[in-house]
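Worksheet: one structure, shown below.
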Amino acid sequence: MNAPSAPNDEASLPDGLVWNRRHMLGIEGWSAAEITAVLDLSDRYVEQNRRADKRSTELRGRTIMNLFFEDSTRTRTSFELAGKRLGADVLNMSVGSSSVKKGESLLDTAMTLNAMRPDFLVVRHAQSGAPKLLADKVNCSVLNAGDGTHEHPTQALLDALSIRRRKGRLEGLTVAICGDILHSRVARSNIHLLGTMGAHVRVVGPPTLIPSSIDRMGVEVFTDLDEGLKDADIVMMLRLQSERMNGKFVPSPREYFRFHGLTSERLKVAKPDALIMHPGPMNRGVEIDSEVADDIGRSLILDQVEFGVAVRMACLRLLASTQKQSN
Ligand code: CP
């Protein structure tokens, strides 16, 4: 695809682009035009991030607070980098050494931080709906960095950008989302996004890890990996989220790999140019074999990490444009 021009200091949004959302809580309900707007702007930030001087001043003076109640490597660091590359001040609150440990509630913590007048709160929490709860109370923009099993909107956007940059489109592609669908906020956000953009979405996994009503989201359901992978353009593997499991959902990691792990042998039924994705962190030898994960010709896994920064820059920039209008 043509390389879009990188934004410079105080860059304006592309002509005609008006953004109306104050928060980013989930992809559900977004239009194709909104998704495309984020992806188009992200393409420009990919170019900025590949320059020697990666900084602009578009968010100069703004403050971003990262509030992560669950562990993270990719999402937290990429939001931090995204903010800094746009010239904002970024604060990472360490929940482990905060007054949360003394029993302060989520809402009291958020209201306390809100009183320091941040412009953005980036929230990850084990409880589905936690970012929405905060968004209803605070007067800054809230970005959902993953809430329980509900949504992980910026992950789906960076996944879409990774696919679009390699395949040139989303419409008409067959995407197989495989593994622990039940506990996956990544799966839910991707199902909303890919469906809206005209992709054919399959979910593939053992019956114990597929929600009973998932077909209502417009996806095809497969419990056999070979059937689910047949002629797929994109194979998106998901982590087995043992930390969210109460009880036994799979006999053992070894058995799981045998029937539901992606290997180069299994991949043969997908399209010859099928691409491999994983949101990370990966359990090698559980849901994916290293040979497949590290196949530089077919694996998009490191592209996903790179483009995560650009997507988060685009999200912050778009939300900032609504703050300007209301200030
Ligand atoms: N994909 C993802 O959310 O990774 P982290 O948990 O490392 O942020």
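Order of appearance sets the numbers: ligands from 1, and atoms from 1 within every ligand.
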* Side-chain (Arg284) to main-chain (Asp289) donor-acceptor, under 3.5 angstrom -> no
* Flag side-chain contact, heavy atom, 4.5 Å: Arg55 against Asp53 -> yes
* To do: Determine, using ring centers only, whether Phe68 and His125 are less than 6.0 Å apart.
  => no
* Structure fact -> Closest non-hydrogen atoms of Ser184 and Leu238, given as atom of the first, atom of the second and distance, are OG-CD1, 3.6 Å
* Asked: Heavy-atom distance to atom 6 (O) of ligand 1: which of Arg124, Arg74, Gln304 wins?
  -> Arg124
* List every atom of ligand 1 that sits less than 4.0 Å from any heavy atom of Gln155, numbering the atoms from 1 in the order shown and giving each element. => 1 (N), 2 (C)
* Structure fact -> A student checking ligand 1 against Gly280 at a 4.0 Å heavy-atom cut-off should list atoms 1 (N), 2 (C), 4 (O)
* Asked: Hey, looking at atom 7 (O) of ligand 1, which of Thr154, Val186, Thr73, Asp159 has the closest heavy atom?
  -> Thr73
* To do: Taking only heavy atoms of Thr75 into account, list the atoms of ligand 1 that are under 4.0 Å away from them.
  => 2 (C), 3 (O), 4 (O), 5 (P), 8 (O)
* **Closest contact, heavy atoms only, Val286 versus Tyr256** => O-CD2, 3.4 Å
